[in-house]
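First the structure, in the form of C-alpha coordinates, and then the observations on it.
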Amino acid sequence: MDLAREVQQLRLEKAKLEAELQSFRESASSATVSESCSLRDPTFCPATWLSGGQHYLDREMINRYSRQLLVPAFGVQGQLNLLKSSILVVGAGGLGSSAALYLAAAGIGCLGIVDHDNVELNNLHRQIIHSESSIGNSKVNSAATACNALFCYRINSMLKVVKHEVQLTANNSVDLINQYDVIVDATDNVPTRYLISDTCVALGKPLVSGAALGMDGQLTVYNFNGGPCYRCLFPVPPPQGACQRCSDSGVLGVVPGIIGAFQALEAIKIASGVGDPLSKRMLILDGFSTSIRVVKLRNRNPDCSVCRDGSQITEREIQELNYESFTGSSLSDKSPKPLSVLPDSQRITAKEYFDYLKEGHPHLLLDVREAHQYAISALPCSLNVPLAKLEDRLPEIKAAAQESQIIVLCRRGNDSQLAVKYLRENGKTEAVDIIGGLESWARDVDPRFPIY
Amino acid sequence: MDAEFSQTEGTCGRVKVLFFARAREIAGVSETSLGIDGAESSKTIKDCIDLLTKQFPGLEEIMSCIVVALNQEYADQSSLVKSGDELALIPPISGG
(Lines give C-alpha, C1' and ligand atoms only; values in the text may rest on other atoms or scores of the structure.)
Protein backbone atom coordinates (compact mmCIF):
# COMPACT_ATOMS: atom_id res chain seq x y z
CA MET A 1 0.00 0.00 0.00
CA ASP A 2 2.82 2.37 0.95
CA LEU A 3 4.49 1.53 -2.29
CA ALA A 4 1.33 2.35 -4.20
CA ARG A 5 1.11 5.69 -2.45
CA GLU A 6 4.74 6.40 -3.25
CA VAL A 7 4.21 5.56 -6.89
CA GLN A 8 1.19 7.86 -6.95
CA GLN A 9 3.25 10.61 -5.33
CA LEU A 10 6.05 10.19 -7.86
CA ARG A 11 3.55 10.26 -10.71
CA LEU A 12 2.18 13.56 -9.48
CA GLU A 13 5.68 15.00 -9.19
CA LYS A 14 6.53 13.72 -12.66
CA ALA A 15 3.43 15.33 -14.14
CA LYS A 16 4.29 18.60 -12.43
CA LEU A 17 7.84 18.54 -13.72
CA GLU A 18 6.67 17.68 -17.22
CA ALA A 19 4.28 20.61 -17.17
CA GLU A 20 7.09 22.89 -16.04
CA LEU A 21 9.38 21.58 -18.75
CA GLN A 22 6.68 22.11 -21.35
CA SER A 23 6.20 25.72 -20.33
CA PHE A 24 9.98 26.26 -20.39
CA ARG A 25 10.04 24.82 -23.88
CA GLU A 26 7.25 27.03 -25.06
CA SER A 27 8.82 30.20 -23.70
CA ALA A 28 12.17 29.13 -25.08
CA SER A 29 10.88 28.55 -28.59
CA SER A 30 9.07 31.87 -28.67
CA ALA A 31 12.28 33.79 -28.02
CA THR A 32 15.31 33.69 -30.32
CA VAL A 33 17.59 32.88 -27.44
CA SER A 34 15.48 32.61 -24.37
CA GLU A 35 16.53 34.21 -21.13
CA SER A 36 15.11 31.26 -19.31
CA CYS A 37 17.55 28.91 -21.02
CA SER A 38 19.94 27.91 -18.35
CA LEU A 39 23.10 26.39 -19.70
CA ARG A 40 23.98 25.47 -16.15
CA ASP A 41 21.11 23.05 -16.11
CA PRO A 42 22.39 19.99 -18.01
CA THR A 43 18.94 18.48 -18.44
CA PHE A 44 17.43 21.41 -20.16
CA CYS A 45 18.02 23.34 -23.30
CA PRO A 46 15.77 25.43 -25.49
CA ALA A 47 14.11 23.67 -28.35
CA THR A 48 15.35 25.83 -31.13
CA TRP A 49 19.02 26.36 -31.54
CA LEU A 50 19.95 26.63 -35.15
CA SER A 51 18.85 26.78 -38.73
CA GLY A 52 16.60 29.75 -38.16
CA GLY A 53 14.21 27.70 -36.06
CA GLN A 54 13.95 25.10 -38.80
CA HIS A 55 14.66 22.17 -36.58
CA TYR A 56 13.74 21.17 -33.12
CA LEU A 57 16.53 19.08 -31.72
CA ASP A 58 17.45 20.19 -28.22
CA ARG A 59 20.97 20.09 -26.92
CA GLU A 60 20.68 16.65 -25.45
CA MET A 61 19.16 15.26 -28.63
CA ILE A 62 21.97 16.78 -30.65
CA ASN A 63 24.49 15.22 -28.33
CA ARG A 64 22.72 11.85 -28.14
CA TYR A 65 22.20 11.47 -31.88
CA SER A 66 25.32 13.37 -32.97
CA ARG A 67 27.01 10.35 -34.54
CA GLN A 68 24.10 9.72 -36.86
CA LEU A 69 23.47 13.43 -37.47
CA LEU A 70 26.99 13.37 -38.85
CA VAL A 71 26.03 10.79 -41.47
CA PRO A 72 25.52 13.08 -44.45
CA ALA A 73 22.72 11.05 -46.03
CA PHE A 74 20.82 10.95 -42.74
CA GLY A 75 21.52 14.25 -41.01
CA VAL A 76 19.12 16.47 -39.11
CA GLN A 77 16.21 15.90 -41.46
CA GLY A 78 16.52 12.14 -41.17
CA GLN A 79 16.55 12.41 -37.40
CA LEU A 80 13.59 14.76 -37.31
CA ASN A 81 11.60 12.43 -39.55
CA LEU A 82 12.52 9.54 -37.31
CA LEU A 83 11.50 11.36 -34.15
CA LYS A 84 8.05 11.80 -35.61
CA SER A 85 7.66 8.18 -36.65
CA SER A 86 5.92 5.28 -34.99
CA ILE A 87 7.06 1.72 -35.57
CA LEU A 88 5.43 -1.52 -34.47
CA VAL A 89 7.59 -4.54 -33.73
CA VAL A 90 5.50 -7.71 -33.75
CA GLY A 91 7.31 -10.28 -31.64
CA ALA A 92 9.78 -9.62 -28.83
CA GLY A 93 11.89 -12.67 -29.54
CA GLY A 94 15.22 -13.11 -31.27
CA LEU A 95 14.46 -10.78 -34.18
CA GLY A 96 12.48 -8.33 -32.07
CA SER A 97 15.21 -8.05 -29.43
CA SER A 98 17.76 -6.41 -31.63
CA ALA A 99 15.20 -4.65 -33.85
CA ALA A 100 13.43 -3.01 -30.89
CA LEU A 101 16.63 -2.00 -29.09
CA TYR A 102 18.13 -0.40 -32.18
CA LEU A 103 14.89 1.38 -33.02
CA ALA A 104 14.57 2.70 -29.47
CA ALA A 105 18.19 3.83 -29.44
CA ALA A 106 17.97 5.43 -32.88
CA GLY A 107 15.39 7.95 -31.76
CA ILE A 108 12.04 6.98 -33.18
CA GLY A 109 9.05 8.71 -31.67
CA CYS A 110 6.91 5.76 -30.73
CA LEU A 111 7.78 2.09 -30.47
CA GLY A 112 4.98 -0.46 -30.17
CA ILE A 113 5.83 -3.99 -29.09
CA VAL A 114 3.43 -6.93 -29.49
CA ASP A 115 3.94 -10.28 -27.79
CA HIS A 116 1.86 -12.56 -25.62
CA ASP A 117 4.61 -14.87 -24.34
CA ASN A 118 6.61 -14.94 -21.15
CA VAL A 119 10.39 -15.02 -20.99
CA GLU A 120 11.93 -18.48 -20.65
CA LEU A 121 15.49 -19.51 -19.86
CA ASN A 122 15.91 -21.06 -23.32
CA ASN A 123 15.13 -17.67 -24.92
CA LEU A 124 18.10 -15.85 -23.46
CA HIS A 125 20.80 -17.06 -25.85
CA ARG A 126 19.19 -15.04 -28.63
CA GLN A 127 16.56 -12.74 -27.12
CA ILE A 128 19.11 -10.31 -25.76
CA ILE A 129 16.53 -7.71 -24.76
CA HIS A 130 15.51 -9.98 -21.85
CA SER A 131 17.54 -11.09 -18.86
CA GLU A 132 17.38 -13.77 -16.18
CA SER A 133 15.47 -11.48 -13.88
CA SER A 134 12.61 -11.40 -16.42
CA ILE A 135 12.11 -15.16 -16.62
CA GLY A 136 8.43 -15.89 -16.11
CA ASN A 137 7.44 -12.28 -16.79
CA SER A 138 5.87 -10.99 -19.96
CA LYS A 139 8.21 -10.37 -22.88
CA VAL A 140 6.47 -7.10 -23.67
CA ASN A 141 7.14 -5.71 -20.20
CA SER A 142 10.70 -6.95 -20.23
CA ALA A 143 11.38 -5.48 -23.67
CA ALA A 144 9.72 -2.17 -22.83
CA THR A 145 11.80 -1.89 -19.65
CA ALA A 146 15.00 -2.44 -21.63
CA CYS A 147 14.03 0.17 -24.24
CA ASN A 148 12.97 2.71 -21.62
CA ALA A 149 16.25 2.16 -19.78
CA LEU A 150 17.99 3.92 -22.66
CA PHE A 151 16.27 7.09 -21.49
CA CYS A 152 16.12 6.49 -17.76
CA TYR A 153 17.68 9.82 -16.79
CA ARG A 154 15.33 11.85 -18.94
CA ILE A 155 12.50 13.63 -17.16
CA ASN A 156 10.52 13.51 -20.35
CA SER A 157 11.58 10.58 -22.50
CA MET A 158 11.93 11.23 -26.21
CA LEU A 159 10.63 7.73 -26.80
CA LYS A 160 7.12 6.51 -26.16
CA VAL A 161 7.00 2.74 -25.73
CA VAL A 162 3.57 1.17 -26.12
CA LYS A 163 3.09 -2.32 -24.75
CA HIS A 164 0.65 -4.62 -26.53
CA GLU A 165 0.54 -7.74 -24.41
CA VAL A 166 -1.67 -9.70 -26.75
CA GLN A 167 -1.41 -12.31 -29.43
CA LEU A 168 -1.83 -10.79 -32.86
CA THR A 169 -4.99 -12.29 -34.34
CA ALA A 170 -7.27 -11.65 -37.29
CA ASN A 171 -9.55 -9.78 -34.86
CA ASN A 172 -7.05 -7.26 -33.55
CA SER A 173 -4.43 -6.95 -36.30
CA VAL A 174 -6.15 -4.08 -38.11
CA ASP A 175 -6.58 -1.99 -34.95
CA LEU A 176 -3.00 -2.57 -33.83
CA ILE A 177 -1.24 -2.11 -37.14
CA ASN A 178 -3.29 0.93 -38.06
CA GLN A 179 -1.72 2.91 -35.20
CA TYR A 180 1.79 2.77 -36.69
CA ASP A 181 3.72 4.05 -39.71
CA VAL A 182 6.02 1.08 -40.28
CA ILE A 183 5.52 -2.56 -39.27
CA VAL A 184 8.35 -4.94 -38.37
CA ASP A 185 7.47 -8.63 -38.63
CA ALA A 186 9.64 -10.29 -36.01
CA THR A 187 7.35 -13.27 -35.44
CA ASP A 188 8.18 -16.93 -35.43
CA ASN A 189 5.38 -18.61 -37.33
CA VAL A 190 3.81 -18.85 -40.76
CA PRO A 191 0.15 -17.90 -40.10
CA THR A 192 1.13 -14.67 -38.32
CA ARG A 193 3.35 -13.76 -41.27
CA TYR A 194 0.39 -14.03 -43.65
CA LEU A 195 -1.84 -12.14 -41.22
CA ILE A 196 0.61 -9.25 -40.83
CA SER A 197 1.25 -9.03 -44.56
CA ASP A 198 -2.47 -9.08 -45.42
CA THR A 199 -3.19 -6.41 -42.82
CA CYS A 200 -0.37 -4.22 -44.12
CA VAL A 201 -1.84 -4.51 -47.63
CA ALA A 202 -5.33 -3.59 -46.39
CA LEU A 203 -3.97 -0.57 -44.54
CA GLY A 204 -1.21 0.41 -46.98
CA LYS A 205 1.61 0.01 -44.44
CA PRO A 206 5.20 -0.88 -45.32
CA LEU A 207 6.28 -4.18 -43.83
CA VAL A 208 9.83 -5.06 -42.85
CA SER A 209 9.89 -8.83 -42.66
CA GLY A 210 12.70 -10.89 -41.18
CA ALA A 211 13.13 -14.56 -40.38
CA ALA A 212 15.86 -16.73 -38.93
CA LEU A 213 16.37 -20.41 -38.33
CA GLY A 214 19.43 -22.50 -37.72
CA MET A 215 22.17 -20.39 -39.28
CA ASP A 216 19.95 -18.97 -42.04
CA GLY A 217 18.29 -15.62 -42.26
CA GLN A 218 15.95 -13.84 -44.69
CA LEU A 219 14.95 -10.20 -44.97
CA THR A 220 12.53 -8.37 -47.29
CA VAL A 221 10.52 -5.15 -47.31
CA TYR A 222 7.00 -5.94 -48.49
CA ASN A 223 4.16 -3.76 -49.70
CA PHE A 224 6.34 -0.73 -50.27
CA ASN A 225 6.73 1.42 -53.37
CA GLY A 226 4.88 -0.97 -55.65
CA GLY A 227 6.80 -3.97 -54.40
CA PRO A 228 5.23 -7.37 -53.76
CA CYS A 229 3.46 -8.53 -50.63
CA TYR A 230 4.27 -11.76 -48.80
CA ARG A 231 1.54 -13.60 -50.70
CA CYS A 232 2.85 -12.45 -54.10
CA LEU A 233 5.99 -14.42 -53.30
CA PHE A 234 4.49 -17.24 -51.28
CA PRO A 235 0.90 -17.70 -52.48
CA VAL A 236 0.94 -21.26 -51.15
CA PRO A 237 1.90 -21.77 -47.52
CA PRO A 238 4.64 -24.29 -46.85
CA PRO A 239 3.39 -27.74 -45.96
CA GLN A 240 3.50 -28.62 -42.30
CA GLY A 241 6.99 -29.65 -41.36
CA ALA A 242 8.63 -27.84 -44.27
CA CYS A 243 8.82 -24.57 -42.32
CA GLN A 244 10.48 -25.54 -39.11
CA ARG A 245 10.29 -24.02 -35.64
CA CYS A 246 13.21 -22.73 -33.60
CA SER A 247 12.06 -25.06 -30.82
CA ASP A 248 12.59 -28.07 -33.08
CA SER A 249 15.32 -27.14 -35.51
CA GLY A 250 17.25 -24.75 -33.32
CA VAL A 251 18.72 -21.37 -34.11
CA LEU A 252 22.14 -19.92 -33.47
CA GLY A 253 21.43 -16.90 -31.27
CA VAL A 254 23.33 -14.30 -33.20
CA VAL A 255 21.57 -15.05 -36.51
CA PRO A 256 18.18 -13.53 -35.57
CA GLY A 257 20.18 -10.75 -33.94
CA ILE A 258 21.77 -9.91 -37.29
CA ILE A 259 18.48 -10.08 -39.16
CA GLY A 260 16.72 -8.05 -36.46
CA ALA A 261 19.39 -5.38 -36.76
CA PHE A 262 18.84 -5.38 -40.53
CA GLN A 263 15.12 -4.96 -39.89
CA ALA A 264 15.83 -1.93 -37.72
CA LEU A 265 17.97 -0.51 -40.53
CA GLU A 266 15.19 -0.95 -43.09
CA ALA A 267 12.53 0.44 -40.75
CA ILE A 268 14.72 3.46 -39.97
CA LYS A 269 15.30 4.07 -43.68
CA ILE A 270 11.58 3.94 -44.45
CA ALA A 271 10.62 6.09 -41.45
CA SER A 272 13.29 8.71 -42.10
CA GLY A 273 12.91 8.71 -45.87
CA VAL A 274 16.59 8.00 -46.30
CA GLY A 275 18.25 5.40 -48.50
CA ASP A 276 16.93 2.63 -50.67
CA PRO A 277 14.83 0.12 -48.71
CA LEU A 278 15.00 -3.57 -49.55
CA SER A 279 11.78 -3.58 -51.54
CA LYS A 280 11.48 -6.04 -54.46
CA ARG A 281 14.62 -7.70 -53.16
CA MET A 282 15.35 -10.41 -50.63
CA LEU A 283 18.48 -10.62 -48.57
CA ILE A 284 19.53 -14.16 -47.77
CA LEU A 285 22.04 -14.73 -45.02
CA ASP A 286 23.91 -18.01 -44.89
CA GLY A 287 25.57 -17.83 -41.51
CA PHE A 288 27.29 -21.18 -41.99
CA SER A 289 29.55 -19.90 -44.74
CA THR A 290 29.03 -16.22 -43.94
CA SER A 291 27.65 -15.27 -47.30
CA ILE A 292 24.96 -12.76 -48.07
CA ARG A 293 23.03 -12.72 -51.31
CA VAL A 294 20.49 -10.22 -52.44
CA VAL A 295 18.02 -11.71 -54.88
CA LYS A 296 15.90 -9.48 -57.05
CA LEU A 297 12.26 -10.34 -56.48
CA ARG A 298 9.25 -10.18 -58.72
CA ASN A 299 7.05 -7.15 -58.99
CA ARG A 300 3.64 -7.31 -57.45
CA ASN A 301 1.80 -10.35 -58.73
CA PRO A 302 -1.10 -9.00 -60.81
CA ASP A 303 -3.08 -12.08 -59.80
CA CYS A 304 -2.23 -11.88 -56.10
CA SER A 305 -5.31 -12.81 -54.09
CA VAL A 306 -4.56 -10.07 -51.59
CA CYS A 307 -2.85 -7.05 -53.15
CA ARG A 308 -3.97 -7.00 -56.77
CA ASP A 309 -5.03 -3.61 -58.03
CA GLY A 310 -8.62 -2.66 -57.52
CA SER A 311 -9.47 -5.58 -55.28
CA GLN A 312 -7.12 -5.47 -52.36
CA ILE A 313 -8.05 -7.45 -49.31
CA THR A 314 -10.30 -5.54 -46.92
CA GLU A 315 -10.19 -5.26 -43.17
CA ARG A 316 -13.39 -7.26 -42.94
CA GLU A 317 -12.04 -10.04 -45.15
CA ILE A 318 -9.02 -10.38 -42.88
CA GLN A 319 -11.25 -10.88 -39.87
CA GLU A 320 -13.10 -13.61 -41.70
CA LEU A 321 -9.98 -15.53 -42.69
CA ASN A 322 -8.74 -18.46 -40.63
CA TYR A 323 -4.98 -18.17 -40.82
CA GLU A 324 -4.33 -21.28 -38.77
CA SER A 325 -6.34 -23.55 -41.02
CA PHE A 326 -4.97 -21.85 -44.16
CA THR A 327 -1.41 -22.63 -43.12
CA GLY A 328 -2.11 -25.76 -41.12
CA SER A 329 -0.07 -24.45 -38.22
CA SER A 330 -0.55 -22.53 -35.03
CA LEU A 331 -0.24 -18.78 -34.43
CA SER A 332 2.58 -19.43 -31.98
CA ASP A 333 5.88 -21.28 -32.07
CA LYS A 334 4.79 -23.66 -29.33
CA SER A 335 5.17 -27.39 -29.35
CA PRO A 336 3.30 -29.13 -32.15
CA LYS A 337 0.01 -30.79 -31.34
CA PRO A 338 0.65 -34.38 -30.22
CA LEU A 339 0.20 -36.93 -32.96
CA SER A 340 -2.24 -39.73 -32.46
CA VAL A 341 -1.04 -42.61 -34.58
CA LEU A 342 -1.15 -45.53 -32.15
CA PRO A 343 -4.03 -46.94 -30.11
CA ASP A 344 -3.60 -46.60 -26.33
CA SER A 345 -2.87 -50.32 -26.07
CA GLN A 346 0.39 -49.80 -27.93
CA ARG A 347 1.59 -47.02 -25.63
CA ILE A 348 2.81 -46.78 -22.04
CA THR A 349 3.31 -43.80 -19.74
CA ALA A 350 6.66 -42.66 -18.39
CA LYS A 351 5.59 -43.86 -14.94
CA GLU A 352 4.74 -47.30 -16.29
CA TYR A 353 8.17 -47.43 -17.92
CA PHE A 354 9.71 -46.53 -14.58
CA ASP A 355 7.83 -49.49 -13.03
CA TYR A 356 9.21 -51.76 -15.79
CA LEU A 357 12.71 -50.65 -14.85
CA LYS A 358 12.11 -51.35 -11.16
CA GLU A 359 10.68 -54.77 -11.95
CA GLY A 360 13.59 -55.65 -14.22
CA HIS A 361 11.29 -56.14 -17.21
CA PRO A 362 13.52 -57.27 -20.12
CA HIS A 363 13.38 -54.79 -23.00
CA LEU A 364 15.35 -52.70 -25.47
CA LEU A 365 14.95 -48.95 -25.05
CA LEU A 366 15.12 -47.46 -28.53
CA ASP A 367 15.59 -43.69 -28.74
CA VAL A 368 14.60 -42.49 -32.24
CA ARG A 369 15.73 -38.85 -31.97
CA GLU A 370 18.37 -37.41 -34.29
CA ALA A 371 21.91 -38.07 -33.09
CA HIS A 372 22.61 -34.42 -32.24
CA GLN A 373 19.56 -34.35 -29.99
CA TYR A 374 20.54 -37.68 -28.40
CA ALA A 375 23.89 -36.08 -27.58
CA ILE A 376 22.16 -33.37 -25.53
CA SER A 377 20.66 -35.77 -23.00
CA ALA A 378 19.53 -39.38 -23.03
CA LEU A 379 18.41 -42.17 -20.73
CA PRO A 380 21.13 -44.68 -19.90
CA CYS A 381 21.21 -48.02 -21.72
CA SER A 382 19.21 -46.75 -24.67
CA LEU A 383 20.03 -47.46 -28.29
CA ASN A 384 19.91 -44.43 -30.58
CA VAL A 385 18.56 -45.04 -34.06
CA PRO A 386 17.06 -41.90 -35.63
CA LEU A 387 13.60 -42.39 -37.13
CA ALA A 388 14.93 -41.71 -40.63
CA LYS A 389 17.46 -44.56 -40.26
CA LEU A 390 15.03 -47.09 -38.85
CA GLU A 391 14.58 -48.99 -42.08
CA ASP A 392 18.31 -49.25 -42.79
CA ARG A 393 19.19 -50.31 -39.29
CA LEU A 394 16.31 -52.69 -38.63
CA PRO A 395 18.58 -55.79 -38.53
CA GLU A 396 20.76 -54.11 -35.93
CA ILE A 397 17.72 -53.25 -33.82
CA LYS A 398 16.35 -56.77 -34.04
CA ALA A 399 19.71 -58.20 -33.05
CA ALA A 400 19.92 -55.89 -30.05
CA ALA A 401 16.37 -56.65 -28.91
CA GLN A 402 16.43 -60.41 -29.58
CA GLU A 403 13.20 -61.73 -28.13
CA SER A 404 12.58 -58.90 -25.68
CA GLN A 405 10.12 -56.07 -26.09
CA ILE A 406 11.16 -52.85 -27.81
CA ILE A 407 10.16 -49.66 -26.02
CA VAL A 408 10.51 -46.59 -28.19
CA LEU A 409 11.27 -43.12 -26.91
CA CYS A 410 11.71 -39.67 -28.44
CA ARG A 411 11.53 -36.07 -27.28
CA ARG A 412 7.77 -35.58 -27.17
CA GLY A 413 6.18 -38.89 -28.14
CA ASN A 414 5.41 -38.19 -31.81
CA ASP A 415 8.26 -39.79 -33.76
CA SER A 416 8.17 -42.72 -31.35
CA GLN A 417 4.64 -43.55 -32.53
CA LEU A 418 5.75 -43.62 -36.15
CA ALA A 419 8.64 -45.85 -35.16
CA VAL A 420 6.38 -48.29 -33.29
CA LYS A 421 4.04 -48.45 -36.26
CA TYR A 422 6.96 -49.31 -38.52
CA LEU A 423 8.42 -51.86 -36.10
CA ARG A 424 5.06 -53.59 -35.67
CA GLU A 425 4.66 -53.78 -39.43
CA ASN A 426 8.09 -55.38 -39.61
CA GLY A 427 7.87 -58.20 -37.14
CA LYS A 428 8.32 -56.52 -33.77
CA THR A 429 4.66 -56.80 -32.82
CA GLU A 430 5.22 -56.14 -29.12
CA ALA A 431 6.75 -52.71 -29.60
CA VAL A 432 5.27 -49.81 -27.61
CA ASP A 433 6.22 -46.16 -27.17
CA ILE A 434 6.37 -43.85 -24.18
CA ILE A 435 3.59 -41.24 -24.23
CA GLY A 436 5.02 -37.73 -24.17
CA GLY A 437 8.60 -39.01 -24.52
CA LEU A 438 11.44 -37.54 -22.51
CA GLU A 439 9.36 -34.49 -21.64
CA SER A 440 6.96 -36.76 -19.73
CA TRP A 441 9.86 -38.64 -18.19
CA ALA A 442 11.27 -35.36 -16.83
CA ARG A 443 7.86 -34.16 -15.69
CA ASP A 444 6.46 -37.34 -14.14
CA VAL A 445 9.47 -39.44 -13.10
CA ASP A 446 12.77 -37.61 -12.91
CA PRO A 447 12.59 -33.82 -12.62
CA ARG A 448 16.40 -33.67 -12.72
CA PHE A 449 16.47 -35.03 -16.26
CA PRO A 450 17.60 -32.16 -18.51
CA ILE A 451 15.04 -31.24 -21.12
CA TYR A 452 15.59 -28.79 -23.93
CA MET B 1 30.78 -32.83 -49.05
CA ASP B 2 29.60 -30.95 -52.14
CA ALA B 3 32.03 -32.83 -54.34
CA GLU B 4 30.19 -36.12 -53.98
CA PHE B 5 27.15 -34.73 -55.68
CA SER B 6 28.50 -32.14 -58.04
CA GLN B 7 29.46 -33.17 -61.50
CA THR B 8 31.22 -30.05 -62.61
CA GLU B 9 33.77 -31.85 -64.75
CA GLY B 10 31.47 -32.36 -67.72
CA THR B 11 31.96 -30.35 -70.87
CA CYS B 12 28.26 -30.17 -71.75
CA GLY B 13 25.91 -27.40 -70.63
CA ARG B 14 25.62 -27.14 -66.87
CA VAL B 15 23.60 -25.09 -64.44
CA LYS B 16 24.80 -24.35 -60.95
CA VAL B 17 22.11 -24.96 -58.35
CA LEU B 18 22.21 -23.37 -54.89
CA PHE B 19 20.12 -24.74 -52.04
CA PHE B 20 19.02 -22.58 -49.14
CA ALA B 21 17.56 -23.33 -45.71
CA ARG B 22 15.29 -26.40 -45.78
CA ALA B 23 16.23 -27.15 -49.38
CA ARG B 24 19.88 -27.44 -48.34
CA GLU B 25 18.91 -29.68 -45.46
CA ILE B 26 16.96 -32.00 -47.72
CA ALA B 27 19.61 -32.09 -50.45
CA GLY B 28 22.37 -32.53 -47.91
CA VAL B 29 24.58 -30.19 -49.94
CA SER B 30 24.62 -26.44 -50.41
CA GLU B 31 25.07 -26.61 -54.16
CA THR B 32 25.15 -28.98 -57.07
CA SER B 33 25.63 -28.85 -60.79
CA LEU B 34 23.02 -29.98 -63.26
CA GLY B 35 23.63 -31.17 -66.81
CA ILE B 36 21.09 -29.56 -69.10
CA ASP B 37 21.93 -31.12 -72.43
CA GLY B 38 19.30 -33.41 -73.83
CA ALA B 39 17.14 -34.13 -76.80
CA GLU B 40 15.43 -30.77 -76.69
CA SER B 41 17.62 -27.79 -77.22
CA SER B 42 16.05 -25.58 -74.60
CA LYS B 43 15.43 -26.36 -70.96
CA THR B 44 13.22 -24.49 -68.53
CA ILE B 45 13.45 -24.04 -64.79
CA LYS B 46 10.64 -26.57 -64.53
CA ASP B 47 12.82 -29.12 -66.36
CA CYS B 48 15.66 -28.41 -63.93
CA ILE B 49 13.35 -28.84 -60.96
CA ASP B 50 12.12 -32.16 -62.32
CA LEU B 51 15.73 -33.33 -62.59
CA LEU B 52 16.48 -32.09 -59.09
CA THR B 53 13.50 -33.79 -57.49
CA LYS B 54 14.59 -37.03 -59.14
CA GLN B 55 18.02 -36.63 -57.60
CA PHE B 56 16.68 -35.38 -54.24
CA PRO B 57 13.13 -36.75 -53.86
CA GLY B 58 12.65 -34.95 -50.54
CA LEU B 59 12.56 -31.61 -52.39
CA GLU B 60 9.10 -32.49 -53.67
CA GLU B 61 7.43 -31.54 -50.38
CA ILE B 62 8.69 -27.95 -50.48
CA MET B 63 8.52 -27.21 -54.20
CA SER B 64 5.02 -25.69 -53.97
CA CYS B 65 6.21 -22.87 -51.70
CA ILE B 66 9.69 -22.23 -53.02
CA VAL B 67 11.05 -19.06 -54.64
CA VAL B 68 13.36 -19.81 -57.54
CA ALA B 69 15.94 -17.23 -58.53
CA LEU B 70 17.76 -17.41 -61.85
CA ASN B 71 21.05 -15.52 -61.77
CA GLN B 72 19.91 -13.80 -58.56
CA GLU B 73 16.57 -12.74 -60.02
CA TYR B 74 13.12 -14.12 -59.29
CA ALA B 75 12.05 -16.35 -62.17
CA ASP B 76 8.95 -18.20 -63.28
CA GLN B 77 9.19 -21.93 -63.80
CA SER B 78 8.76 -21.43 -67.53
CA SER B 79 11.92 -19.31 -67.81
CA LEU B 80 14.63 -20.77 -70.02
CA VAL B 81 18.00 -21.67 -68.59
CA LYS B 82 21.29 -21.83 -70.40
CA SER B 83 24.70 -23.20 -69.63
CA GLY B 84 26.49 -21.26 -66.93
CA ASP B 85 23.29 -20.02 -65.28
CA GLU B 86 22.84 -20.09 -61.54
CA LEU B 87 19.63 -21.34 -60.04
CA ALA B 88 18.79 -20.72 -56.36
CA LEU B 89 16.06 -22.59 -54.47
CA ILE B 90 14.80 -20.42 -51.64
CA PRO B 91 12.11 -21.82 -49.37
CA PRO B 92 10.59 -19.39 -46.87
CA ILE B 93 11.86 -19.62 -43.32
CA SER B 94 9.63 -18.48 -40.52
CA GLY B 95 11.57 -18.69 -37.27
CA GLY B 96 12.35 -15.66 -35.23
Side-chain angles (χ1 to χ4, degrees), chain A residues 90-91 93-96 126 185-193 209-218 228 230 233-251 255-256 259-260 280-282 284-286 288-289 291 293-299 327 329 333, chain B residues 1-6 15-33 44-46 48-49 52-53 56-81 85-96:
Chain A
V90 188
L95 299 164
R126 66 188 188 285
D185 182 346
T187 59
D188 59 7
N189 65 82
V190 180
T192 310
R193 289 181 184 278
S209 175
L213 192 86
M215 294 174 76
D216 290 306
Q218 289 175 353
Y230 190 69
L233 270 197
F234 303 110
V236 179
Q240 246 181 320
C243 226
Q244 309 118 301
R245 283 174 289 267
C246 291
S247 52
D248 291 336
S249 304
V251 59
V255 176
I259 298 295
K280 301 183 203 170
R281 293 179 290 157
M282 179 189 278
I284 300 161
L285 168 70
D286 171 5
F288 189 82
S289 58
S291 74
R293 274 166 183 272
V294 177
V295 171
K296 196 165 167 247
L297 294 178
R298 62 173 307 148
N299 288 325
T327 57
S329 53
D333 180 40
Chain B
M1 70 181 171
D2 297 359
E4 277 176 54
F5 288 87
S6 67
V15 171
K16 182 179 174 184
V17 182
L18 304 174
F19 300 106
F20 289 95
R22 179 74 176 148
R24 185 180 51 227
E25 231 170 76
I26 291 170
V29 291
S30 57
E31 60 177 85
T32 188
S33 165
T44 62
I45 288 181
K46 174 85 171 56
C48 292
I49 285 172
L52 284 168
T53 46
F56 308 104
L59 287 176
E60 197 93 55
E61 66 157 350
I62 57 169
M63 283 322 299
S64 64
C65 67
I66 222 157
V67 162
V68 181
L70 178 61
N71 301 325
Q72 309 219 20
E73 255 186 62
Y74 178 96
D76 285 322
Q77 304 230 340
S78 57
S79 308
L80 293 175
V81 295
D85 279 351
E86 178 197 272
L87 214 55
L89 302 192
I90 310 162
I93 56 178
S94 77

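A, B, ... follow the sequence lines: proteins, then strands. Residue 1 opens every chain.
For the atom pair CD of Gln218(A) and CG of Leu285(A), the computed distance is 10.0 Å after rounding to the nearest 0.5 Å.
The contact between Ile284(A) and chain B is made entirely by side chain atoms (from C-beta outward), counting heavy-atom distances below 4.5 Å. Only the backbone of Pro237(A) comes within contact range of chain B, judged by heavy atoms closer than 4.5 Å. Of the two parts of Val255(A), neither the backbone nor the side chain holds a non-hydrogen atom closer than 4.5 Å to a non-hydrogen atom of chain B. Interface remark: Val236(A) contributes backbone and side-chain atoms alike to the contact with chain B (heavy atom separation under 4.5 Å). At a 4.5 Å heavy-atom cutoff, the contact between Arg298(A) and chain B is made by backbone and side-chain atoms alike. Proximity to chain A is limited to the side chain of Leu18(B), based on heavy atoms less than 4.5 angstrom apart. Interface residue Met282(A): only side-chain heavy atoms are found under 4.5 Å from chain B.
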Derivation and outcome, side-chain contact (heavy atoms from CB on, under 4.5 Å), residues Val17(B) and Cys48(B): CA-CA 9 Å; Val17(B) 182; Cys48(B) 292; 6.0 Å; no
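With sequence neighbours excluded, the residues satisfying ring pair (Phe, Tyr, Trp, His ring centres under 6.0 Å) with Phe19(B) are Phe56(B). Every residue was checked against the salt bridge (charged side-chain N to carboxylate O under 4.0 Å, His left out) condition with Glu60(B), not counting sequence neighbours, and none meets it.
In this structure, a donor-acceptor pair under 3.5 Å is present between the side chains of Asp185(A) and Thr187(A).
Residues Arg22(B) and Glu61(B) form a side-chain contact, since some pair of their non-hydrogen atoms from C-beta on lies under 4.5 Å apart.
At distances below 3.5 Å, not a single donor-acceptor pair connects side-chain atoms of Arg126(A) with backbone N or O atoms of Pro256(A).
Contact tally against chain B (heavy-atom pairs below 4.5 Å) for Gly96(A), Gly94(A), Ala212(A): the top residue is Ala212(A). Ranked by heavy-atom pairs under 4.5 Å with chain B, the list Gly91(A), Gly210(A), Gly93(A), Ala211(A) is led by Ala211(A).
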